[in-house]
Protein chains: 2
Amino acid sequence: MSLVRDISPRTIERLSLYRRLLLPRHEGEGSYIFSHDLAELAGVTATQVRRDFMQLGCMGVPRTGYRIGDLLSGISNILDAPSGQRAALVGVGHLGAALLNHFSGRWRWLHIHAAFDTDPAKTGGTIHGCQCFPLTDLSHLVRERNIELGIITVPKEHAQEVADLLITSGVRGLLNFAPLRLRHPATIYVENVDLTSAFETVAYFSRSRSSSALISEPHRGFPSLDDRKLSGGCF
Amino acid sequence: MSLVRDISPRTIERLSLYRRLLLPRHEGEGSYIFSHDLAELAGVTATQVRRDFMQLGCMGVPRTGYRIGDLLSGISNILDAPSGQRAALVGVGHLGAALLNHFSGRWRWLHIHAAFDTDPAKTGGTIHGCQCFPLTDLSHLVRERNIELGIITVPKEHAQEVADLLITSGVRGLLNFAPLRLRHPATIYVENVDLTSAFETVAYFSRSRSSSALISEPHRGFPSLDDRKLSGGCF
DNA sequence: TGAGAATCGTTATTTCTTTCACGACTATAT
DNA sequence: ATATAGTCGTGAAAGAAATAACGATTCTCA
């Protein structure tokens with residue numbers, strides 16, 4: 001399968017982004033893209049794009065670019081499990097339901113297979129195309145249906161117990177939206193989506209770089225220069 | 001105001017997290033916490049915690065710890081704008097509504113002041129306590145009400161135009177939930193919350209570190225060791 | 001066919017972030 | 001008092017990640 005090892009989280013995230021940006025440009029086998037064009041779409045440098053693709057083993061051709069079909073299959077080779085992966089979402093509140101809607105039927109190889117909640121008003125039916133079960137069924141269903149991932153969208157008071165339940169039921173990775181950090185064994189991968197931190201970070205940097213320091217500062221969130229000029233004048 | 005400069009995005013995110021973890025423990029002026037206790041709550045190392053607080057100018061006392069009140073005011077001093085900050089959310093779909101609910105009335109100094117949508121069915125009223133206006137009012141209201149931040153939860157087809165509109169209307173920072181990267185001038189800070197990348201990242205690492213490589217690997221998402229033992233046995 | 005310019009692949013370098021390591025300090029017990 | 005052990009602050013080192021730089025390759029056009 002995937003012979004390439006040791007790809008950093010940052011690179012994985014970019015690969016996911018590259019794929020989304022490349023898909024609409026994949027028209028037939030004759031479609032190519034230059035590193036600097038993709039770089040501009042992705043908001044990164046051309047060097048970074050080339051380096052990322054180097055790790056995939058995807059080779060480009062000078063003055064021609066990368067064949068988009070190659071890139072897409074190279075990325076899929078890394079990101080997608082051959083037999084697909086299933087996730088369980090726990091906590092069908094506003095955020096949980098929004099995620100069900102957001103991810104519903106979007107990919108074949110990775111999808112939310114079932115949702116869980118303690119509220120009887122929410123269970124028993126289908127929400128945004130996803131079956132919703134009582135939490136008491138979780139352990140059984142995770143095992144039986146081979147669910148590998150858990151998405152936690154419950155209030156923070158219950159996040160840890162839900163995480164424990166998911167882990168003991170056999171999931172190997174968690175996507176946590178609760179505003180805290182989960183305790184977990186080293187065998188489980190946990191990705192935190194911290195909406196509060198994101199909001200406060202924007203607030204901070206939006207004023208810290210108010211009028212001064214417009215030069216340099218290749219901080220995350222601000223554009224950086226490269227081989228060639230990017231984003232020259234947005235308007 | 002904040003005399004401290006050049007705090008990295010990573011540190012800012014942790015400060016936001018520390019504050020949330022500290023607030024419930026702040027009972028009176030006699031409450032203290034050790035760096036390693038907060039580290040465990042935050043899922044980082046004790047050294048990291050100490051270093052972060054060093055940047056705030058918050059001093060602890062050996063064998064006593066840090067006074068929680070000092071930490072909270074130190075963090076607030078960095079994160080919170082003295083006169084508060086307002087955000088506008090654009091795109092009251094499932095995700096937008098969930099965020100309105102999530103952030104509604106949570107903080108004094110930072111809040112979503114108004115929501116915008118093109119759908120007349122959604123505008124004119126209040127959603128989760130937030131007034132919702134037609135998109136055509138955005139430019140006017142952003143200016144008049146001094147809104148500094150934009151939250152973009154529109155479909156990707158409209159994300160760039162909404163960003164442009166927000167920027168020309170005067171916001172200085174964007175929190176982008178659309179699954180692409182926005183073009184923007186260097187004076188604007190943009191934080192991307194990429195739900196798809198997050199989901200695919202969990203999927204990737206949940207299987208890449210399946211049964212092997214349980215040792216070391218202090219990668220993001222996996223726990224790391226430190227001065228003292230953390231998370232010794234989750235169950 | 002050869003000159004010129006654009007693009008790639010990759011090593012070296014720089015920059016950023018985290019961890020290590022250890023002296024200094026403080027509470028506690030004897 | 002003194003010894004002991006636990007915790008802090010921080011310079012130094014290590015580790016990750018991004019960028020720069022440049023030879024090699026390929027297309028275009030005279």
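Any value given below was found using the heavy atoms of this structure, including those in side chains, with hydrogens, waters and symmetry copies removed. Within every chain, numbering begins at 1; the chains are lettered A, B, ... in the order of the sequence lines, protein sequences first and strands thereafter.
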ask   = Looking at the side chain of A/Phe34, which of D/dT7, C/dG9, C/dC8 is the nearest nucleotide?
value =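 Per side-chain heavy atoms of A/Phe34, the pick is C/dC8.
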
Worksheet item: Can you tell which of D/dA18, C/dT11, D/dA20 lies closest to the side chain of A/Arg10?
Response: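 So the side chain of A/Arg10 is nearest to D/dA18.
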
Dump every N/O contact between nucleotides 23-29 of chain D and the protein below 3.5 Å, one line per pair.
unit_1, atom_1, unit_2, atom_2, d
D/dC27, O2, A/Arg63, NE, 3.3

From the options A/Val90, A/Leu149, A/Asn192, A/Val190, select the one residue that forms a side chain to side chain contact (heavy atoms under 4.5 Å, CB included) with A/Leu174.
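It is A/Val190, the one option of A/Val90, A/Leu149, A/Asn192, A/Val190 that forms the side chain to side chain contact (heavy atoms under 4.5 Å, CB included) with A/Leu174.
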
Phosphate OP1/OP2 of [N]: any [X] side-chain N/O under 4.0 Å:
| X | N | answer |
| --- | --- | --- |
| B/Ser35 | D/dC8 | yes |
| A/Gln48 | D/dT19 | yes |
| A/Arg50 | D/dA18 | no |

Protein-nucleotide distance ([X], atom [atom1]; [N], atom [atom2]), rounded to Å:
| X | N | atom1 | atom2 | result |
| --- | --- | --- | --- | --- |
| A/Ile33 | C/dT7 | CD1 | P | 12 Å |
| A/Arg14 | D/dT19 | CZ | P | 9 Å |
| A/Phe53 | C/dG9 | CZ | P | 10 Å |
| A/Leu71 | C/dC8 | CG | P | 11 Å |
| A/Gln55 | D/dA18 | CD | P | 10 Å |
| B/Ile12 | C/dC16 | CD1 | C1' | 15 Å |
| A/Ile7 | D/dA16 | CD1 | P | 15 Å |
| B/Met59 | D/dG9 | CE | P | 6 Å |

The answer to which of A/Arg51 and B/Asp52 contacts DNA chain C further toward the 5' end, by nearest nucleotide, is A/Arg51

List the residues meeting side chain to side chain donor-acceptor pair (under 3.5 Å) with B/His113, not counting sequence neighbours, and say none if there are none.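 Partners of B/His113 by the side chain to side chain donor-acceptor pair (under 3.5 Å) criterion, ordered by chain and then number, come out as B/Arg145.
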
Check this for me: does any side-chain nitrogen of one of [X] and [Y] sit under 4.0 Å from a carboxylate oxygen of the other?
| X | Y | value |
| --- | --- | --- |
| B/Arg207 | A/Asp80 | no |
| A/Glu200 | B/Arg19 | yes |
| A/Asp52 | A/Arg10 | no |

Quiz item: Can a donor-acceptor pair be found between the side chains of A/Thr11 and A/Ser8 at a distance below 3.5 Å?
Solution: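 Checked: A/Thr11/A/Ser8 side chains pair up, N/O donor to acceptor below 3.5 Å.
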
Check whether B/Ser169 reaches the backbone of B/Leu165 with its side chain - one donor and one acceptor, N or O, closer than 3.5 Å.
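Pair found, side chain donor or acceptor close to backbone of B/Leu165.
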
Please answer whether the main-chain N or O of B/Ser197 pairs with a side-chain N or O of B/Thr201 as donor and acceptor at a distance below 3.5 Å. yes

Between A/Tyr66 and the options A/Tyr18, A/Phe34, A/Phe53, A/Tyr32, the ring-ring contact (aromatic ring centres under 6.0 Å, His included) test singles out A/Phe53

Per-helix bend value, the helix from C/dT1-D/dA30 to C/dT30-D/dA1, C1' rotation axes over five pairs per end, 10° rounding, shows 10°

Between B/Phe103 and A/Phe199, what is the ring plane arrangement, given parallel below 30°, perpendicular above 60°, and tilted in between?
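B/Phe103 vs A/Phe199 ring planes: tilted.
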
*asked:* What's B/Tyr66 touching, base or sugar-phosphate or nothing? Going by heavy atoms closer than 4.0 Å.
replied: sugar-phosphate

